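From a predicted model like this one, the values you see are computed outputs, not experimental measurements.
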Amino acid sequence: MIPSPLLRGAAVAALAALAIIWPGMVSARAQAQPRESAAQTSLSGSYLAARHAGDQRDVAAAASYYRAALRGDPRNNELLGRTFLAVLANGELDEGVKLAEHVLQVDKNDRIARLVLGVRAIKQKQYPVARRELAQSIRGPITDLAATLLSAWTMANPTEAKQAIDSIDKLAGADWYAIFKELHAALILDVAGQKKEAAKRFERRYKLDPMALRVVQSYGSFLSRQGNNADALKVFAAFEEALPRHPLIVEATNELKAGKKLPLMVDTPKAGAAEVLYGLGAALGRHGGEDLGLIYLQLSLYLAPSHPLALLSLGDLYEAMKKPELANQTYERVPLNSPLHRYAQIQLALNLDSLDRTDEAKASLEKVIAANPGDLEAIMALGNVLRGRKQFAECADVYSKGVDTISKLEKSNWVIYYFRGICFERAKQWPKAEADFKTSLELIPDQPHVLNYLGYSWIDQGINLDEGMRMIKRSVEQRADDGYIVDSLGWAYYRLGNMDEAVELKPEDPTINDHLGDAYWRVERVLEARFQWSHARDLKPEPEDLVKIEAKLKSGLPDDTAPAAAPAEHTPQRRDQLERLRD
């Protein structure tokens, strides 16, 4: 959603210090143990329970148990620090502020505590206090950038803007600093009314990355307010061409075409500070800094509780941590009037499906589609849910509704034809499936997953053998490290009786190793066949496949299982794997 700076080297290393004292705590507002139960646990029990909850990424429970432990040992500075960080991660910023004050009584140089108090001062519009606190939070490759930008926002006014920009320009650091420095310098100058200088900064930042959403939004808005709607529309159109139908860009474009001027994206120091924290938090969360990224996002929402992009980034972070319940709690906070509310509802439904609450997921998506029958994203999401649940006739119907919304084919539409083709094939409607795969390849001729699926299907049916093999080989050339695609090539060789080629392929996967064992057996390499079947068994295959693998381990491959017929027992599971592939 914002430019993704490569947070590496010293920047990522700086996160290690936090990780040492805060292992695994990267969840928020989770299903915590009741505080009463924590209060009834012994000091050592509370501490161990808190550590376990942290390892399980359940910060709500961790915070509860740390509080209990801290009550039992209030002078334990390590417990104080752990409780403070857990509370921050849990989004309980009012309590976090109080704990920050206690932490600073123990260590006046604690950077996170100073940052928290600085943010609290910005919220209260106590800007000199904020600058004083933030000045003491510097001394790290992330905190120095955050503190500098936050302090600069406290001077976003006509009389202090030059001082703010000078402080940003003087900050030395990694190359990726420029991504944040130029954007926030432009935003501060815009708020301060210094339009000429703001224009230079916006243009410079836009050239660094014309596909950065917040840069495109803010630059387009600026151009609009300078009476330059034509250039603003060009900026949005360039973004739209690369990343079609982004809700925020669609909304801005529609407003410009309706003759409206776009408002400031950021209009106060508090909003600017929230933007800083959101941007850094989102970037950290995507590049290995989940712990600190979570705290920054929570601080952003402390300043701007309804910030849609901060909420979506927080939800996305929870999803990456395999916490769909927490992600959904966050998505529910996205405001109804935000263009991003629809996206949040789609993600929420997909998470419900991942929690095996598929009926709720379907109902939620159907509600979104009913509100906008042309919503291709929501239609695709519903089709994906049905496909994942092997409701192939139904998912083909849903994807067909999506196809009907397409007035002009674009390259990105290859996906819906590919997925509908899978559903048609699994519903035993091969002519329709074949037509969809061919349409998908017309849009992206070398798309490896489509090449793989169509080529495999042809060879499995004993038709178009040369073309099918060419397709699979081309797919492997592009994705030589993809076990499923390599398996298709091995299985194609096996189907065509080329056992020597088949046994040269050695990917890691229960189905793939099962296939490889079959190929070894056919060339009378019995020990190797049994080894591969054993390996396939140990890799936890599907229950129905496990039965067949164990039978082969006991009795070998039946003599009447010729290569031409062999794939029949493997095809359903094989297709389940193929259809899950994504770019």
Salt bridge (Lys or Arg N to Asp or Glu O under 4.0 Å) between Lys207 and Glu203, intermediate numbers included: CA-CA 6 Å; Lys207 288 180 178 178; Glu203 185 175 354; 3.6 Å; yes
Sidechain N-carboxylate O distance under 4.0 Å for Arg214, Glu275: yes
Salt bridge (Lys or Arg N to Asp or Glu O under 4.0 Å) between Glu425 and Lys432, worked out: CA-CA 8 Å; Glu425 187 272 335; Lys432 292 181 178 180; over 6 Å; no
Check ion pair Lys552-Asp518 (N to O, under 4.0 angstrom): yes
Glu410 atom CD, over 12 foreign heavy atoms within 6.0 Å: yes
Carboxylate-amine/guanidinium proximity below 4.0 Å for Arg245 and Asp375: no
Salt bridge (Lys or Arg N to Asp or Glu O under 4.0 Å) between Arg389 and Asp353, intermediate numbers included: CA-CA 9 Å; Arg389 297 294 170 174; Asp353 181 56; 3.0 Å; yes
Heavy-atom donor-acceptor pair, Ser300 side chain to Tyr296 backbone, under 3.5 Å: no
Cationic N near anionic O, under 4.0 Å, Lys548 to Asp514: no
Any donor-acceptor N or O pair under 3.5 Å, side chains Glu319, Asn351: yes
Flag, side chain of Thr405 to backbone of Gly374, donor-acceptor distance under 3.5 Å: no
Salt bridge flag under 4.0 Å for residues Glu442 and Lys438: no
Geometric class of the Phe180/Trp176 ring pair [parallel <30°, tilted 30-60°, perpendicular >60°]: perpendicular
Nearest non-hydrogen partners of Gln345 and Ser364, listed with the distance: O-OG, 4.0 Å
Tyr219/Asp231 under side chain to side chain donor-acceptor pair (under 3.5 Å): CA gap, chis, key distance, verdict: CA-CA 10 Å; Tyr219 188 30; Asp231 282 348; over 6 Å; no
Shortest non-hydrogen contact from Val216 toward Pro210: CG2-O, 3.2 Å
Pair Arg286 + Asp316: basic N to acidic O under 4.0 Å: no
side-chain hydrogen bond (donor to acceptor under 3.5 Å, both in side chains) partners for Asp436, two or more places apart: Arg420
Summary of disulfide bond (SG atoms under 2.5 Å apart) pairs that have at least one residue in residues 401-459, sequence neighbours excluded: Cys395-Cys423
salt_bridge(Lys261, Glu255) N-O dist < 4.0 Å: no
Whether Phe239 and His246 hold their rings parallel, tilted or perpendicular, with breakpoints at 30° and 60°: perpendicular
Ring centers of Phe437, Tyr453 separated by less than 6.0 Å: yes
Aromatic Phe392 / basic Arg387 pairing, under 6.0 angstrom, 45° off normal: no
Any side-chain heavy-atom pair of Ile249 and Gln217 under 4.5 Å: yes
